[in-house]
Student: 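Here it is, the structure, as structure tokens.
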Amino acid sequence: MKKDYYEVLGVERTASSDQIKRAYREMAKKHHPDMNPENKKEAEEKFKEVSEAYEVLMDPQKRRLYDQHGHEGVSQTFRGGGFSWDDFHHFDDLQDILGNIFGGSIFGDIFGGSAGQRTREPSRRGGDIHVILTVTLEEIVGSVKKKFTVDRYEVCHDCGGHGGHDLKPCPQCKGAGRVQTQSRSIFGTFTSVTTCPQCNGKGRVPQKPCTTCGTLGRIRRARKIEISVPQGIAHGQYIVLRGEGHFGLGGKGNILVEFEERPHQYYERRGYDLYIRMLVPYSTLISGGSVQIPGLNGKTTDMVKIPKGSSAPEIVRSRGRGMPRPGGGHGDLYVELDLLPLTKKDKGVNKVIEELKKYEGEATPKKRRNV
Ligand SMILES: [Zn+2]
Ligand SMILES: [Zn+2]
């Protein structure tokens with residue numbers, strides 16, 4: 001007599017998929033054969049039983065069939081008329097549940113070939129290199145070239161990456177680069193194709209070891225790399241130099257160049273807009289005029305127009321004179337006006353100030369907002 005699926009997982013007939021998932025999580029841990037070395041056989045059966053229940057109750061269609069017609073209703077949905085591991089669709093969940101206990105590797109071995117023949121290739125691409133490049137605002141605006149040095153693995157020039165000389169077909173894989181392995185597990189016997197461990201997939205093995213690289217096929221070298229600083233690049237953004245990273249058997253890695261913007265003495269950057277604070281003489285504020293600001297674009301100075309009747313603090317906006325945008329165009333330049341204190345003081349100034357007072361009004365509060 002086959003046991004009721006809900007009973008197997010210990011859940012109510014009205015259980016939600018979340019509750020079912022939680023129940024299965026507990027059961028799968030409890031009954032996994034590797035957790036029960038004393039009675040492996042019994043655990044295997046129990047583990048399969050809870051997995052079958054999980055497969056049915058997690059699938060709305062199968063669950064409905066089961067609710068209406070019992071075991072007979074669902075048995076025909078299994079390929080062999082009865083549940084086998086080929087009918088199980090939740091290996092990912094299992095990996096989740098058990099991966100933490102056993103680590104990825106054991107699990108990979110058990111489930112690796114569950115879809116019949118499958119090729120498992122470890123990633124053999126060379127590693128990436130992360131570089132942090134400090135740039136100034138001037139360099140970002142001027143799209144200058146910059147150099148930096150990386151210490152990376154490169155293919156051994158002596159043996160061409162084979163690790164040795166006098167290449168002969170690999171005896172283990174007969175030159176195919178791949179080998180078939182059969183593994184028996186609680187889920188049945190699986191055939192899997194893997195990279196040949198003797199030749200690392202190359203199909204040929206050297207007879208004489210390379211002394212330049214010590215058979216590794218790669219050597220470490222310091223390399224100078226030159227890049228153009230992308231116009232308008234911002235702090236924390238990066239570019240990828242494909243194939244410039246470490247050499248590996250399956251290809252070269254990348255270099256990630258992350259940009260770090262050095263704070264500027266005068267300018268503050270907000271997005272693509274630039275802010276500068278200028279101390280401006282009172283007379284210029286009143287009558288208007290041009291003032292010189294430090295330039296970023298190779299020029300030593302730039303001019304900015306101060307409108308007549310400006311006050312301080314006040315912000316003057318100069319359109320299109322901010323940072324270059326990557327897609328074209330520029331942000332804006334904001335000049336924050338501040339009052340330049342008198343630099344020369346003698347008796348004459350007192351007279352001027354007395355004179356000035358005749359034209360000034362009273363100190364008055366300035367509105368922050370209209371209410
Ligand atoms: Zn070599
Ligand atoms: Zn081989």
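Atoms within a ligand are numbered from 1 in the order they appear, just like the ligands themselves. In this text, all values refer to a predicted model and were calculated from it rather than measured experimentally.
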Student: With sequence neighbours left out, what residues match Tyr6 under ring-ring contact (aromatic ring centres under 6.0 Å, His included)?
Tutor: none

Student: Shortest non-hydrogen contact from Gln198 to Pro171?
Tutor: NE2-CG, 3.5 Å

Student: Hey, does Pro206 have a side-chain heavy atom less than 4.5 Å from the side chain of Cys159?
Tutor: no

Student: Pairing donors with acceptors under 3.5 angstrom, does anything connect the side chains of Lys145 and Ser228?
Tutor: yes

Student: Answer with yes or no whether the hydrophobic clustering places Ile239 together with Ile140; edges join I, L, V, M, F, W, Y residues whose side-chain heavy atoms lie under 4.5 Å apart.
Tutor: yes

Student: Please collect all salt bridge (Lys or Arg N to Asp or Glu O under 4.0 Å) contacts where either partner lies in residues 231-240, sequence neighbours excluded, each pair once.
Tutor: none

Student: Taking only protein atoms, how many N, O or S atoms are found under 2.8 Å from the Zn ion (ligand 2)?
Tutor: 4

Student: Taking everything shown except Gln207 itself, do over 12 heavy atoms lie less than 6.0 Å from its CD?
Tutor: yes

Student: Check the Zn ion (ligand 1) and write out every protein N, O or S atom at under 2.8 Å, as residue and atom.
Tutor: Cys156 SG, Cys159 SG, Cys210 SG, Cys213 SG

Student: How close do Phe47 and Ala28 get, counting heavy atoms only, and between which atoms?
Tutor: CE1-O, 3.8 Å

Student: Take atom OH of Tyr238 as the centre, draw a 6.0 Å sphere, and report whether it contains more than 12 heavy atoms from other residues, nucleotides or ligands.
Tutor: no

